[in-house]
Amino acid sequence: DVCSSDLYSWSRAGSLSLGVVSNPYLEKAQQQIKLGVSPVTTGVLVVFHLMSLLAVFTFSWRNLIVALVLHWLAVGLGISMGYHRLHTHRGFKTYKWFDYFLAVCGTMTLEGGPMFWVGTHRIHHAKSDLPGDPHSPRLGGGFWAHMGWIIFGETHHNDSKFMAKYAPDLAKHKFYL
C-alpha cells in the first residue's frame, strides 16, 4: 500500500507521509535529520547562494572570465586534481609546494579542508552505497547525496582526531590540520 523508495513515502492516494520504513539507509537518514540542521553550514550555504544572485546586477565580461578562472582553479585543480586524485588516491607524485597549492585551491570551494574532504571521500569509497557511506543517494536520493548530508549529517568538519583515522598521511603534516 505504501511505496518507500525514497526518504518520504507516497501512499496510493498520493499523499506524502513519513511512514514506517524498514530500509536501513532511510532509517539512518531519518536519524540524522532528527539531529537537526547544522546552523553554521546551512547559514553559509544560504548566504553564499543569495550573494551569487548579485552577479546578475554586476555582470561584465571581465567578471565572467575571473569567475571561470576561479572555478577552474578551485574545482579543476583544487578538487579534481588535488583533493581527489592526489590527496585521496595518491594517483601521482609532485613537489610539496604544488601539493600545498592544490590543497589551497581545494579550500576555495568551501567543501572543507583537505583532511575532512579526503577522510570523507575515503569513507565513501570504503562503504560505497552501504550503511556508513556519508553521502550515498540511497539515504535520501539526489538531495541527500548532493547537500543533505552536509546540512543534516555528521560532517566531522572540525574533528581532526576522527578524520586522522581515515587520512593518516595528511594528519602527519600540520599544513593539512
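Both backbone and side-chain heavy atoms feed into the values below; hydrogens, waters and symmetry mates do not.
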Is it true that atom CZ of Phe59 has more than 12 heavy atoms of other residues, nucleotides or ligands lying nearer than 6.0 Å?
->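 Yes, because the 6.0 Å sphere around CZ of Phe59 holds more than 12 heavy atoms from other groups.
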Are there more than 12 heavy atoms of other residues, nucleotides or ligands under 6.0 Å from atom NE2 of His146?
->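 12 or below, so no.
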Say whether [X] and [Y] are linked into one hydrophobic cluster, either directly or through other cluster members, by side-chain heavy-atom distances under 4.5 angstrom.
X     : Y      : value
Met81 : Val69  : yes
Val66 : Trp61  : no
Phe92 : Leu77  : yes
Tyr83 : Leu86  : no
Leu45 : Trp144 : yes

Begin with the C-alpha distance, continue with both residues' side-chain angles, and end with the deciding distance and a verdict on side chain to side chain contact (heavy atoms under 4.5 Å, CB included) for Phe101 and Cys105.
-> CA-CA 6 Å; Phe101 170 75; Cys105 288; 3.6 Å; yes
How is the hydrophobic cluster of Leu50 composed, in terms of its other members, when Ile, Leu, Val, Met, Phe, Trp and Tyr link through side-chain heavy atoms under 4.5 Å apart, directly or indirectly?
->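 Members other than Leu50 - counting any ILVMFWY side chain reachable under 4.5 Å - are Val46, Leu53.
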Nearest atoms (heavy-atom pairs only) where [X] meets [Y]:
X      : Y      : result
Ser136 : Asp129 : OG-OD1, 2.9 Å
Ala171 : Ala164 : CB-CB, 3.7 Å
Ile123 : Gly132 : CG2-O, 3.6 Å
Trp117 : Glu111 : NE1-OE1, 2.9 Å
Ala167 : Met115 : CB-CG, 3.9 Å
Leu102 : Gly82  : CB-CA, 3.8 Å

Using the side chain to side chain contact (heavy atoms under 4.5 Å, CB included) rule, take Lys96 and Asp99 through it: C-alpha gap first, then chi angles, then the decisive distance, then the call.
-> CA-CA 5 Å; Lys96 190 51 77 179; Asp99 182 321; 3.7 Å; yes
Got a second to check how far [X]'s [atom1] is from [Y]'s [atom2], nearest 0.5 Å?
X      : Y      : atom1 : atom2 : result
His84  : Ile79  : NE2   : CD1   : 10.0 Å
His71  : Met108 : NE2   : CE    : 11.0 Å
Ile151 : Thr42  : CD1   : OG1   : 4.5 Å

Return yes if some donor-acceptor pair links the side-chain N/O of Thr107 with the main-chain N/O of Gly113 below 3.5 Å, else return no.
->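 No; zero donor-acceptor contacts below 3.5 Å.
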Passes side chain to side chain contact (heavy atoms under 4.5 Å, CB included), Thr120 versus His135? Steps please.
-> CA-CA 9 Å; Thr120 301; His135 46 77; 4.0 Å; yes
Non-hydrogen side-chain atoms of Thr88 and Tyr166 separated by less than 4.5 Å =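 A side-chain contact is absent here, since even the closest heavy-atom pair is not under 4.5 Å.
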With a 4.0 Å cut-off, would you call Arg90 and Asp169 a salt bridge?
->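 Counted as a salt bridge, because a side-chain N and a carboxylate O are separated by less than 4.0 Å.
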Just one of His124, Arg138, Lys127, His125 clears the side chain to side chain donor-acceptor pair (under 3.5 Å) bar with Asp133, so which one?
->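 Of the listed options, the one satisfying the test is His124.
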Answer yes if the ring centres of Tyr176 and His87 are under 6.0 angstrom apart, and no otherwise.
->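 Yes, close enough.
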